[in-house]
Each structure stands twice: as C-alpha cells, then as structure tokens.
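Values below: all heavy atoms of this structure, side chains included; hydrogens, waters and symmetry mates excluded. FYI, the numbering just counts along the sequence from 1. When a ligand or atom number is given, it counts from 1 through the structure's own listing order.
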Amino acid sequence: MASHRYAVAGALSFAMILAGGGSGLPGLAGTGAAHDHERCSAGAHTLAAPGSRLYPDTGNGGYTSLHTGVHMVYDATSNRFLPGNHVTLTDRATQCLTSFSLDFERGSANASAGPDMAVNSVTVDGKRAAFRFVQPTYPGDRHGQDDPDPLAHEASQLNPVGGPAHNPLPPACSPELPSTGAAPNSANGTQCPANKLVITPSAPIRRGETFSVTVAYTGRPGVHNDGDGTTEGWFRSNRPKGDGGFVTTEPVGTEDWMPLNDHPSAKPTYDFDDTVNAGRTVLANGVLVSREHHLPDSLFPHGSVTWHWHSAAPVASYLVENSVGRYDLAERTVGGIRFYQAQASSLSAARKAKNRAIMSKQPDITRFESMFTGPFPFTSDGVVVGRPSASFEEEMQNMITFAGGEIDTDTLYHENMHQWWGDHVTEASYNLTFFKEGMATFGEFLFAARRAQAQAGGPGSEAGRRAFQRSLVRRFNATYASKGRFWTAAPSNPTPHGLFSGSATYERPGIAYIALRQILGKSNYVQALREVQRRYGGGVITEAQLEAVFHRLLPTRNPACHSRLDQFFTQWFDTAYQPGGGARRPHITGPGLAGPGFYTGTCTR
Ligand SMILES: [Zn+2]
C-alpha cells in the first residue's frame with residue numbers, strides 16, 4: 001500500500017505486556033489427538049498471537065482455507081447485493097471442529113459509507129448450519145473465547161487496553177476511529193463489535209476433512225473504519241451515478257463485502273462468478289475466463305452479465321479484488337504474462353491518455369523488477385484506475401488499484417514490487433507489514449536509481465552503473481540522517497494507528513534493504529531475494545525465516561558475522577530509539593554506508 005496522506009504518528013513505543021499465563025487457546029485443544037476418540041472443540045476465533053495489539057480480532061483457527069468461490073449478485077444502481085448473492089469457502093479441518101468462525105462486518109457505526117448486510121443462511125456441505133455473531137475475545141484468554149467478562153472484549157491500540165476502566169487485559173480488537181482527526185487512543189476501552197460469524201454444523205467435522213461452507217447474504221457492502229481513522233473496503237462509485245463499487249481493502253476491509261478468514265496467512269485460491277447489471281465490468285484477481293450475457297429478469301430489468309475470473313494462485317485476505325463499474329478494459333500479453341489495463345470510462349479523454357501512458361509501462365517495470373527479485377510469480381498482472389477517492393493505492397494481486405482517477409509511475413513501481421513482496425510471499429502476521437512495505441519502498445529507490453543510470457549513459461555503461469549505485473548510497477545516507485520521529489518506532493511493533501503512515505513501515509526497512517545489499521554484495525543479495533521467493537512463494541513468511549535466508553547468503557559465514565547480522569536486524573527492525581535516533585541508533589552501516597561498516601573486528605570479508 002502507498003498512502004496519499006502521511007498522518008502524524010502518535011505515541012508508538014509502548015512496551016508489549018503479555019497478560020495471563022499464556023496457557024493457549026481453548027479452541028486449539030485436541031489438535032494433537034489422532035484417534036477415533038479425538039476430542040472435538042470450537043475452532044479459535046483468532047489467528048493472532050496472545051498479547052497482539054494489531055487486529056487481534058482477525059483470522060480463524062481450526063481449519064485451512066483452500067478455495068473460495070465468490071458468487072456475487074450485485075445491483076450497481078442501488079449498490080446492493082441481491083438474493084442469490086453468496087460465497088462458498090472450501091476449507092480443511094486441522095482439528096475436530098464442533099464449530100468454526102469467519103470474519104464478517106455486516107454493520108457499522110459509519111451509517112453513510114459503512115456496510116449494512118444480513119446473513120440469510122449458512123450451509124456446511126449442503127446441510128443447514130446454525131450461525132450466530134459474537135464479539136472477539138483477546139487472544140490467549142484463559143477463561144475461553146466465550147469469557148463472560150466484558151473487559152475481555154474491548155478495543156485498544158495498546159496492550160493492556162487501558163481505557164476509562166483501566167482494563168489490564170490485552171485488546172480483543174483494534175478500534176474503529178470515526179475519522180483521521182480522532183485522537184489515536186480515544187476509542188480505547190470501547191466494546192468490540194460482534195464481527196465473528198460462528199458456524200455450528202449439524203455434526204462435528206473430523207480433523208483432516210475437507211468441507212465447504214456457503215454463506216448467503218444480501219444488503220449494502222461498505223467500508224471499514226480503521227485504527228487510524230482511514231477507511232478501506234467497498235467504496236461506492238457514484239460518478240456517474242449508480243456506477244458500482246471500488247474494492248481496495250488493506251488491511252482488513254474485505255470482511256466489509258464478504259465473509260472470509262480475514263487474516264493475511266489465509267490464502268485460498270479464487271473463482272469469481274459475479275452477476276452484475278448489463279454494461280458493467282467486473283475486475284478481479286487472476287485471469288478473465290468468460291463473460292455471459294443474460295436477458296432481462298426480475299432482478300435486472302435491463303439485463304445482466306456474469307463475469308468469471310479465476311486465480312489459480314492463492315490470494316491473501318487483503319488482496320482480493322472485486323470491483324464493479326463502467327470501465328475501459330484492455331489486455332495484452334508480453335513475455336508470457338497477461339497485462340490488464342482498466343480505467344473508469346467516465347474519465348476525460350485527456351486523463352485517460354495520461355493514465356494509459358503510465359499503465360503501459362507495467363511490462364517494462366515488471367521486467368526491470370524481476371532482475372532483482374526473480375521471475376514474475378503470476379500469469380497475469382494489471383492496473384485498475386477507479387474514481388472514488390480512497391486514500392491509498394494498493395497492491396491487489398494481479399490488479400493494482402489506483403484511486404481518484406489517477407496513476408503515477410513511482411507508485412506503480414511500489415505496488416508492482418508488492419506482487420512478489422506481500423502478494424506472492426505474504427507476511428505471516430500484520431506486524432510484519434514492514435517486511436513487504438520496505439521491499440516496495442526499495443522498489444521506488446530502484447526506480448530513482450534507474451533514472452540516474454539512464455541519465456548517466458544507461459545500464460550498459462560504466463558511468464551508468466556507477467550512477468545507479470551512487471543513487472542508492474545517497475538515498476541511504478539522506479534517510480539515515482532523518483531527524484524527528486524517524487527512529488522512534490520499531491518497525492516490527494506498530495500500532496494500528498501508525499501502521500500505514502510512518503517511516504517505520506516504509507523508509508526504515510527500505511534503507512535497511514539497501515544496507516543489506518551492501519553487506520551481502522549485489523550478487524548474493526539478488527540470490528537471497530530469489531531464494532525467499534522460491535522457498536516461501538504462494539505462502540507466508542515470518543521475520544525469523546526472512547532473516548535466516550540473508551544469513552545463509554552472507555559472504556563470510558563465521559560466528560562473528562552471523563552475530564553482527566543478528567544485531568543488524570535487531571537494530572533496524574525491532575528497536576525503537578529516541579527522536580532523531582540518538583547515539584544508540586544503528587552504527588553497523590552508519591552514519592551512512594561509508595560509516596564504520598559491517599566488516600570490522602573478527603567479521604571480515
Ligand atoms: Zn505498499
């Protein structure tokens with residue numbers, strides 16, 4: 001994601017205090033049993049670790065998400081899902097399940113743009129299943145996820161919750177601030193909404209069983225108010241009136257238009273069979289398979305069309321694209337990759353031409369970025385320029401969203417880099433967002449270096465190569481010298497309020513990757529990035545796994561160098577410093593890449 005707006009980050013460095021003895025989630029009990037008498041229990045209502053203060057309400061345990069079929073029936077003129085609208089989620093049980101849950105924000109305090117939907121029925125393997133909505137409970141609650149204590153279900157940016165009642169427990173969800181002007185901690189201590197859809201099948205689901213759950217729902221999709229007061233999800237597109245909906249959802253807004261396992265580590269494959277008004281275009285992940293036109297009927301008096309998109313690649317929760325509207329859609333194949341270009345039909349011809357010139361750079365950008373990060377991981381790529389003024393651009397898988405009717409080249413480098421970093425290799429948890437935002441920011445730095453190289457004689461000349469390197473070094477040195485709050489938040493320990501607005505998520509890991517390139521050497525660095533793609537592509541990665549790959553490609557692998565690299569990661573990714581950095585800020589590669597350096601003492605090259 002790239003933000004238009006860099007909000008002032010609030011107080012960010014709070015110690016993370018784990019409350020309780022961490023006896024584990026009751027929902028996970030029985031996972032070790034392998035006999036006929038396996039104990040069956042409820043799946044966990046979260047995938048967050050105990051003590052998490054970053055969307056601790058999201059994700060659901062006890063099963064693995066395999067495939068999702070989206071069967072949208074959507075009337076663009078009223079912005080509503082009609083009867084027949086449903087999703088079918090195919091999952092595999094990882095324990096014997098008496099019940100399991102999904103994430104679905106069907107209602108919101110945001111009366112104008114928030115969702116207003118209702119679940120009409122739920123079936124599991126074709127049989128009617130009971131369902132209810134419950135509040136989330138803080139992860140690790142020893143009293144179970146149905147803890148009657150209201151304090152176990154409170155929102156906060158912080159751990160412990162604090163709030164008016166000085167709640168000593170960790171938060172159960174991240175607060176939904178009404179606007180970007182709201183004070184970061186103003187909603188701490190409020191009750192979390194009941195967005196956990198708990199489904200009880202007619203009989204327990206055995207461990208290892210594959211099952212399918214169909215949720216039928218109708219009503220108006222909408223946006224989620226996030227912990228920083230921005231909104232994400234389903235943006236009403238009303239230019240021209242009744243145009244459709246524009247979907248851009250990071251980090252959790254997908255549950256504002258469909259029920260799902262809303263956690264980045266849940267990566268099912270997708271099919272979309274979306275029926276919409278005749279004349280509207282559906283844009284989704286993967287490749288367009290077919291379009292089928294239908295005659296007028298009671299739901300669509302002017303006819304309808306069903307668009308079928310298919311993604312054989314798994315898609316993380318926040319990267320599911322499903323926009324509807326009047327779009328100019330074009331496609332071409334370059335180097336075996338299908339590139340889609342879509343932009344709102346209502347834009348002026350001049351604006352469209354400007355946008356098209358930038359969108360047409362995507363194959364070249366993809367080829368350039370693949371020199372660093374390996375072959376493009378998907379069979380398609382694309383861009384959609386929508387009209388609603390969502391406050392950010394996002395790396396939706398194979399279909400990057402640009403809001404406000406405009407696209408720019410620098411951000412396209414950023415979002416396209418995400419196709420490898422975030423999309424193909426996904427962060428295992430939200431607090432690893434810096435891992436992929438840093439890499440996307442590094443993609444912007446590469447673009448600047450590429451421009452300097454072109455001006456100096458191009459990639460084939462010695463002067464060009466020197467200019468490329470000089471651009472990266474200057475970027476590192478200038479950013480390293482940042483004053484103010486640049487150093488005050490640890491990238492791996494953000495709050496919901498600061499996650500997408502601070503240099504801790506973007507520039508600090510971005511220049512850390514420049515330093516890593518210096519430490520490993522150009523060739524080993526490229527090998528490391530490709531290795532991460534090969535090993536973790538299609539799935540998720542943890543911070544330890546990421547760092548282990550860089551360790552394996554250190555040119556000198558002795559204990560002193562490994563220990564220095566550990567120190568490097570701790571300093572750059574996991575440590576908060578005083579404003580301006582102070583004397584204790586990282587010195588291994590600073591001040592500047594020409595500082596004391598990495599290879600000193602017993603760690604030499
Ligand atoms: Zn980004």
Is there a side-chain contact between His414 and Thr441 (heavy atoms, below 4.5 Å)?
yes
Among Arg450, Glu444, Lys361, which residue satisfies the side chain to side chain donor-acceptor pair (under 3.5 Å) criterion with Tyr413?
Arg450
Protein N/O/S atoms closer than 2.8 Å to the Zn ion (ligand 1), ordered by chain and number, come to Met1 N, Met1 O, His414 NE2, His418 NE2, Glu437 OE1
Note: Asp243-Arg387 ion pair, threshold 4.0 Å (strictly below)
no
Can you confirm whether or not the ring centre of His263 sits under 6.0 Å from the ring centre of Tyr430?
yes
With a cut-off of under 6.0 Å to the ring centre and 45° to the axis, is Arg451 in cation-pi contact with Phe447?
yes
Side chain to side chain donor-acceptor pair (under 3.5 Å), paired with Gln469, selected from Arg517, Arg474, Lys522
Arg517
